[in-house]
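To start, the structure under review is shown below, and the notes come after it.
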Amino acid sequence: MLKALDDESAGSSAARRPVELDQQSVGRLSRQDALQRQAMAEAEERRRALQRRRVQAALKRLDQDDYGLCGACGEEIAPARLERDPATAFCVDCAR
């Protein structure tokens with residue numbers, strides 16, 4: 001999972017580069033489109049960074065034998081919830 005996130009991040013690095021102002025080749029609307037694509041790529045990178053931190057935290061809990069226990073109340077997290085999102089740190093009640 002971490003490798004996949006790293007690969008996605010590397011593959012989208014060009015989309016996050018600053019948009020250069022070149023009045024000759026890029027019109028106003030094209031520049032706005034480029035800025036919007038850049039903003040979306042940056043938002044996606046933030047999402048990947050957050051997911052990476054969640055996965056690393058889950059791996060740490062696994063190493064400490066705390067995996068599957070709610071980080072707030074200490075109760076067991078439902079197996080179906082962990083199956084849906086293995087990086088979840090809270091039971092349904094505490095997540096609300």
Side-chain angles (χ1 to χ4, degrees):
M1 178 109 183
L2 291 175
K3 172 111 173 74
L5 290 170
D6 289 343
D7 291 346
E8 285 179 31
S9 183
S12 70
S13 64
R16 295 188 311 272
R17 288 190 188 126
V19 176
E20 294 183 22
L21 178 58
D22 183 357
Q23 296 291 344
Q24 303 271 338
S25 64
V26 179
R28 193 172 122 219
L29 292 178
S30 296
R31 179 163 166 73
Q32 287 176 343
D33 287 342
L35 288 170
Q36 183 178 18
R37 283 192 303 273
Q38 178 192 37
M40 291 184 331
E42 288 171 348
E44 186 65 20
E45 181 63 20
R46 286 190 298 273
R47 183 204 60 80
R48 275 192 294 272
L50 174 62
Q51 183 63 13
R52 180 176 238 295
R53 287 191 302 272
R54 292 180 71 239
V55 169
Q56 289 173 325
L59 290 171
K60 185 176 178 181
R61 288 191 304 276
L62 192 62
D63 287 342
Q64 296 173 344
D65 291 330
D66 289 338
Y67 184 77
L69 300 178
C70 177
C73 70
E75 295 294 319
E76 245 184 67
I77 299 172
R81 182 168 171 80
L82 288 171
E83 188 174 316
R84 187 181 64 79
D85 180 8
T88 192
F90 301 102
C91 66
V92 173
D93 292 333
C94 292
R96 290 186 193 150

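All values reported here derive from a predicted model rather than from experimental measurement. Heads up: numbering here begins at 1 and tracks the sequence.
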Does the side chain to side chain donor-acceptor pair (under 3.5 Å) test come out yes or no for R54 and Q51, once each step is laid out?
CA-CA 5 Å; R54 292 180 71 239; Q51 183 63 13; 2.9 Å; yes
About how many Å separate CG of L59 and CD of Q56, when rounded to the nearest 0.5 Å?
7.5 Å
Would you call [X] and [Y] a side-chain contact if the rule is heavy atoms closer than 4.5 Å?
X   : Y   : result
L35 : Q38 : yes
E45 : E42 : no
R47 : L50 : no

CD (Q64) with more than 12 external heavy atoms under 6.0 Å:
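Correct, the count exceeds 12.
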Show the nearest heavy-atom pair for residues A58 and A87, with the distance to one decimal.
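That would be CB-CA, 3.9 Å.
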Over all heavy atoms of both residues, which pair between L82 and G68 is shortest? Give the atoms and the distance, please.
CD1-CA, 3.7 Å
Report all side-chain donor-acceptor pairs from residues 71-81 shorter than 3.5 Å, counting only partners two or more places apart or in another chain.
from : atom 1 : to  : atom 2 : distance (Å)
R81  : NE     : F90 : O      : 2.8
R81  : NH2    : T88 : OG1    : 3.4
R81  : NH2    : F90 : O      : 3.4

With sequence neighbours excluded, what pairs up with D65 under the side-chain hydrogen bond (donor to acceptor under 3.5 Å, both in side chains) test?
none
In chain order, what residues pass the side-chain hydrogen bond (donor to acceptor under 3.5 Å, both in side chains) check against D66, with sequence neighbours excluded?
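side-chain hydrogen bond (donor to acceptor under 3.5 Å, both in side chains) list for D66, sorted by chain: empty.
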